[in-house]
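Because only heavy atoms are used, hydrogens play no part in the values below, and waters and symmetry mates are left out as well, while side chains stay in. The chains referred to below are lettered A, B, ... by the order of the sequence lines, with proteins before strands, and numbering in each begins at 1.
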Amino acid sequence: MYNTKEIEERWQNFWKENKLFNASNKSDKEKYYLLVEFPYPSGSGLHVGHVRSYTALDGIARLKRMQGYNVLFPMGWDAFGAPAEQYAIKNHIHPKKAVEENISVFKSQLESMGYSFDWDREFSTTDPEYYKWTQWQFLKFYENGLAYKAEKEINWCPQCKTGLSNEDAAGGVCERCGSRTEKKLKNQWILKMTSYADRLIDGLKDTEFLEKIKTAQINWIGKSIGAEVDFKLKDTEDILRVFTTRCDTLFGVTAMVLSPEHVYLKKYEDRIKNIDEVKSYQQEAKNKSEIERTDMTKEKTGVKIDGLKAINPVNNEEIEIWISDYVLASYGTGAIMTVPAHDERDYEFAKKFNIPITQVIAKSFIGEDESKIREDKPFTERNVVNAIIKYPTENKYLCVQNKKFGWINFVMGGIEDNETPIDAAKREIIEETGYTDINIEKELEFIYFDNFYAAHKGVNRHITCHTVVGKLNSLEEKERSEEEKDLADVLWIDEKELKEKLTTNAHKYDATRVLNNEGAMVEDGIHINSGFLDGLNKEEAIEKMLEYLEENNCGRKTINYRLQDWVFSRQRFWGEPIPMIHCEKCGWVPVPENELPVLLPEVTAYEPTETGESPLAGITEWVNTTCPKCGGPGTRETDTMPNWAGSSWYWLRYMDAKNDECFADFDALKYWGMVDLYNGGMEHATRHLLYARFWHQFLYDKGLVPTKEPFKKRVAHGMILNSDGKKFSKSSGNGVRPEDMVNKYGADALRTFEMFIGDYEKDASWNEEGLKCCKRFLDRVYRLKDKLNEKDTYSESLENIINKTIKKVTEDILSMNFNTAVSALMILTNEYEKEDTISKKDYRILLTLLNPIAPHITEELVNINNLGEAICKTKWPTYDESKLVDSVVTIAVQVNGKLRGSMEVPNGTNNEELIRLAKELENVQKHLIDKEIIKEIVVPNKIVNLVVK
RNA sequence: GCGAGUAUGGUGGAAUAGGUAGACACGCACGCUUGAGGGGCGUGUGACUAACGUCGUGAGAGUUCAAAUCUCUUUACUCGCACCA
């Protein structure tokens with residue numbers, strides 16, 4: 001019928017020759033900046049996943065251009081980094097050469113898809129003209145004290161022989177090669193990203209990122225507000241500083257725990273009597289992989305330090321100090337105070353090593369239910385025990401039901417002065433239920449408070465509850481007193497029903513604690529055993545404790561972040577050289593700006609070295625240089641930047657890509673401002689976006705860019721999965737190559753299909769049948785040319801649907817609901833097919849609306865049918881509001897909310913008339929017989945509902 | 001464990017200021033076209049029922065004249081973070 005290849009090439013050349021998609025930096029038009037993450041030009045070529053997001057934004061770009069915007073829609077290459085280097089090593093070609101080849105494949109693939117990129121602004125992060133400015137910006141960080149060199153334990157991948165950021169080595173596995181990472185000390189360049197932590201959170205307010213992206217970033221930064229507390233180290237001048245979010249629990253501290261890397265272990269080596277044991281534990285921790293260390297299912301380990309003790313600043317108690325690998329060196333101060341009563345991990349540790357557990361917070365049900373007390377009666381204090389007793393053989397629990405009020409609860413009663421809670425429980429069980437063969441196993445560790453009106457004594461009880469747990473060995477019993485029999489019935493309640501049937505929240509709480517076998521008491525409550533904090537709730541207690549700590553100079557309010565500074569060094573060849581020179585006399589000296597870029601030297605071997613140094617370290621003629629400051633001998637930094645560096649400012653370069661005076665002219669930066677819409681994968685929601693925002697915020701602070709934030713709106717496309725719903729992977733060899741699909745069905749069909757495949761934000765499974773159907777749809781559009789008549793106005797019968805479709809397609813594309821936009825165009829096509837003939841204008845409007853998604857075939861059809869100027873040179877259509885209204889509407893008629901009929905009426909028929917007509921419907925009348933209408937509900941133009949009785 | 005999200009026919013998915021659930025497709029069935037295949041065209045297609053009807057948006061409650069949509073509870077799956085003190 002038609003040759004897609006021929007048509008596509010013709011129009012791609014037409015766009016190129018006429019430079020139709022080049023954005024101008026000077027224009028009266030309103031600007032619109034669309035950005036897709038620039039690809040990594042890998043050896044495997046373009047993926048169907050790329051096609052999805054590029055087509056989506058291309059559609060928006062084409063539509064916006066036709067709407068009269070000056071659209072910037074650029075493309076470039078993120079070509080530095082380990083994968084390009086690995087690829088080069090594997091295929092024995094220079095990375096530069098490999099990158100060039102890959103880029104040319106990628107570019108021709110992109111061009112064959114018909115994307116409307118402004119190729120005049122293309123660049124690669126590996127171009128010296130680009131990385132000159134990446135280096136220049138690094139120097140700005142350095143000048144402002146935000147780049148520093150530090151000896152830092154890094155994640156080391158023995159396979160790739162390189163240092164990795166925490167991000168690249170998440171979970172103790174190298175992101176690139178999947179091998180286990182080790183820890184290694186290295187002197188690294190680090191960017192002080194943590195000093196922007198708050199800004200990175202606050203700045204989100206100025207963006208319209210997807211909510212889930214905002215939360216992901218906030219979680220990643222992991223801000224937590226707490227306090228530093230200084231414990232005196234007994235018999236020394238030192239203090240042991242810890243970070244805690246719960247300084248209110250300081251009276252519950254029963255141990256201190258240091259991370260195995262803590263500096264005091266070295267410093268006080270001589271005092272530690274069991275230093276050998278400590279050292280071997282440190283060694284063990286070091287040898288463990290990150291995975292083993294962070295495996296939460298494993299049991300806690302640790303060693304008590306014999307010879308060091310800490311002093312609790314609130315009560316001067318001496319506290320034992322331990323080391324354990326559950327305390328991380330990298331967070332807070334690398335040491336913690338242990339409050340086993342109220343922290344799960346500390347509880348587990350304490351149980352394992354028999355560390356005392358001191359309850360300092362008690363759950364309280366007081367004030368929860370005012371109806372339980374009588375305001376006119378006095379309060380009395382009482383100690384009470386609840387007995388949770390299991391049936392001898394089944395999962396049932398012993399309860400009693402009050403005959404007068406119906407309340408159900410566990411056996412409970414007061415504890416007399418000479419009794420333990422266990423004694424009291426036994427006595428009460430015998431009295432209340434008659435069972436005698438009782439085995440109390442334990443008393444729960446944590447008490448709680450409750451209150452109620454004790455009717456038989458005429459007083460309100462303020463009770464302190466102890467809970468005991470046990471079972472009956474047998475159902476042996478003795479007769480209960482008449483009084484008890486009158487008061488309550490004995491019930492056995494199944495484990496599953498327990499929480500529903502128990503009356504009070506306090507007893508439900510007890511049931512939960514026992515059934516779930518709960519450990520630490522982590523809920524909020526009232527402070528006890530806490531000196532000046534007793535009786536306070538959590539917030540009050542934290543505030544008061546902070547005051548105390550500050551007055552006594554032993555602590556202060558502090559904020560901690562999960563986010564860490566950005567390790568900016570890589571021991572690799574294929575990256576931007578870090579433009580620093582080391583001089584024996586002057587230390588680290590920046591390369592003068594006029595000597596930038598520091599070019600990568602030509603080398604023959606770029607494989608990483610066994611020593612862990614960058615391959616650059618071996619090239620003495622490159623390394624040896626003179627110190628820019630004193631003129632003496634100097635050596636160049638041989639580490640290179642991570643591949644996140646080049647992508648941390650690339651959107652700025654697009655604004656003025658050929659500038660050789662500066663990274664981009666300030667007027668150009670001002671003209672384009674924020675990226676209006678930035679699309680990329682969810683996998684970049686934290687790392688790339690945070691690095692990019694950090695970088696941009698810094699440039700803003702230095703007055704180098706005009707906006708606080710780089711991106712206004714960020715969206716994320718769903719992945720294209722294979723037909724089994726799994727990720728495409730190289731190893732399983734199930735990839736779909738876009739060029740194969742283009743050859744078979746054409747670029748337009750592939751574009752249309754990937755837009756129709758489903759919700760843009762959700763993952764979608766590849767299915768070639770669906771692609772065929774989209775090709776069929778385009779064929780149908782093509783065949784409509786046979787119905788053309790000579791008229792140049794909309795066909796009257798189609799006017800309404802045409803206007804509706806203009807509205808729908810415009811809104812849907814701009815709101816990224818591409819699937820429903822395609823669906824609307826299919827519906828319009830169906831309508832056209834029902835007509836005997838269609839006008840030129842009818843046809844042209846369909847082709848125009850379809851153009852952003854299928855640009856080649858639509859231009860071709862306009863051209864061969866003499867429908868006027870090329871679509872991409874014309875205005876995007878607007879709809880006529882007055883033509884959107886249907887003259888006749890269908891009204892659904894319901895009786896009691898159930899559909900009983902429908903009727904066609906003129907639009908705007910009044911309510912009385914609608915009700916009258918509705919009642920006349922045969923099927924409706926049937927349901928009105930012998931019924932009285934009590935309510936008539938009308939939603940104009942939609943529904944009539946008759947409520948009958 | 002914490003955080004976020006998702007759940008609708010045989011399938012992909014439509015429909016949320018609450019208002020005819022299943023648009024548009026795929027698949028399937030039947031028919032027409034064709035020597036046949038492919039392709040095209042047409043009709044039908046949530047379940048149960050002979051039918052009137054009844055049921056139906058993961059499950060269970062609730063609010064309402066009316067719930068896929070709002071509230072509460074709950075299950076499963078996906079993603080992110082995870083011994084973060």
For nucleotides 29-33 of chain B, tabulate all protein N/O to nucleotide N/O atom pairs closer than 3.5 Å, reporting atom names and distance.
none

**Item:** Of residues 906-927 of chain A, the positions that come close to RNA chain B - non-hydrogen atoms, cut-off under 4.0 Å
**Value:** Asn923(A), Lys926(A)
Considering only the [atom1] atoms, how many Å lie between [N] and [M], rounded to the nearest integer?
| N | M | atom1 | value |
| --- | --- | --- | --- |
| A23(B) | U11(B) | C1' | 16 Å |
| G56(B) | G1(B) | C1' | 37 Å |
| G18(B) | C65(B) | C1' | 12 Å |
| A66(B) | U54(B) | P | 16 Å |
| U73(B) | G5(B) | P | 15 Å |
| C83(B) | C77(B) | P | 23 Å |
| G60(B) | G53(B) | C1' | 27 Å |
| A36(B) | G22(B) | C1' | 38 Å |

Nucleotide forming a Watson-Crick or wobble pair with [N], both distances under 3.5 Å:
| N | result |
| --- | --- |
| A21(B) | none |
| G62(B) | C70(B) |
| C81(B) | G1(B) |
| U57(B) | none |
| C41(B) | G31(B) |
| A7(B) | U75(B) |

**Request:** Kindly say whether the aromatic ring centers of Phe818(A) and Phe756(A) come within a distance under 6.0 Å.
**Result:** no
**Prompt:** Does the separation of the ring centres of Tyr281(A) and Trp322(A) fall below 6.0 angstrom?
**Reply:** no
**Asked** Can the positive tip of Lys300(A) be found less than 6.0 Å from the middle of the six-membered ring of Phe349(A), inside 45° of the ring normal?
**Response** no
Options [options], nucleotide nearest the side-chain atoms of [X]:
| X | options | result |
| --- | --- | --- |
| Leu328(A) | A25(B), A85(B), A82(B) | A85(B) |
| Trp220(A) | C24(B), C81(B), A85(B) | C81(B) |
| Lys212(A) | A4(B), C24(B), C26(B) | A4(B) |

Please write out the pairs of protein N or O atoms and N or O atoms of nucleotides 13-19 of chain B separated by less than 3.5 Å, giving the distance to one decimal.
{"residue": "G13(B)", "atom": "O3'", "partner": "Asn819(A)", "partner atom": "ND2", "Å": "3.4"}
{"residue": "A14(B)", "atom": "OP1", "partner": "Asn819(A)", "partner atom": "ND2", "Å": "3.0"}

Side chains of [X] and [Y] in contact at under 4.5 Å (non-hydrogen atoms):
| X | Y | result |
| --- | --- | --- |
| Phe753(A) | Glu768(A) | no |
| Ile813(A) | Ile853(A) | yes |
| Asp748(A) | Thr4(A) | no |

Taking [atom1] from [X] and [atom2] from [N], how many angstroms apart are they, rounded to a whole number?
| X | N | atom1 | atom2 | result |
| --- | --- | --- | --- | --- |
| Glu348(A) | G1(B) | CD | P | 14 Å |
| Ile221(A) | C81(B) | CD1 | P | 14 Å |
| Ile801(A) | A23(B) | CD1 | C1' | 12 Å |
| Asn219(A) | A4(B) | CG | C1' | 8 Å |

Side chains of [X] and [Y], donor plus acceptor under 3.5 Å:
| X | Y | result |
| --- | --- | --- |
| Thr890(A) | Glu904(A) | yes |
| Ser815(A) | Asn817(A) | yes |
| Asn219(A) | Arg562(A) | no |

May I ask you to verify if any side-chain N or O of [X] is less than 4.0 angstrom from the OP1 or OP2 atom of [N]?
| X | N | result |
| --- | --- | --- |
| Arg562(A) | A82(B) | yes |
| Asn767(A) | G27(B) | no |
| Thr338(A) | A85(B) | no |

**Asked** Looking at CG of Leu771(A) and CD of Glu769(A), how far apart are the two atoms once the value is rounded to the nearest 0.5 Å?
**Response** 9.5 Å
**From CA spacing to verdict: side chain to side chain donor-acceptor pair (under 3.5 Å), Tyr331(A), Ser224(A)** = CA-CA 11 Å; Tyr331(A) 185 79; Ser224(A) 78; 3.0 Å; yes
For nucleotides 55-58 of chain B, print each protein N/O atom paired with a nucleotide N/O atom at under 3.5 Å, atom names and distance only.
none

**Prompt:** What's the base orientation of G60(B): syn (chi within 90° of 0) or anti?
**Reply:** anti
**Request:** Only counting residues at least two apart or in another chain, list the ones meeting salt bridge (Lys or Arg N to Asp or Glu O under 4.0 Å) with Arg900(A).
**Result:** none
**Asked** Pick from Leu546(A), Leu549(A), Asp230(A), Val229(A): which one makes a side chain to side chain contact (heavy atoms under 4.5 Å, CB included) with Arg556(A)?
**Response** Asp230(A)
Please list, for nucleotides 36-43 of chain B, all pairs of protein and nucleotide N/O atoms separated by less than 3.5 Å.
{"residue": "G40(B)", "atom": "OP1", "partner": "Arg776(A)", "partner atom": "NE", "Å": "3.4"}

**Complete:** On RNA chain B, more 5' by nearest nucleotide between Thr215(A) and Lys935(A) is Thr215(A)
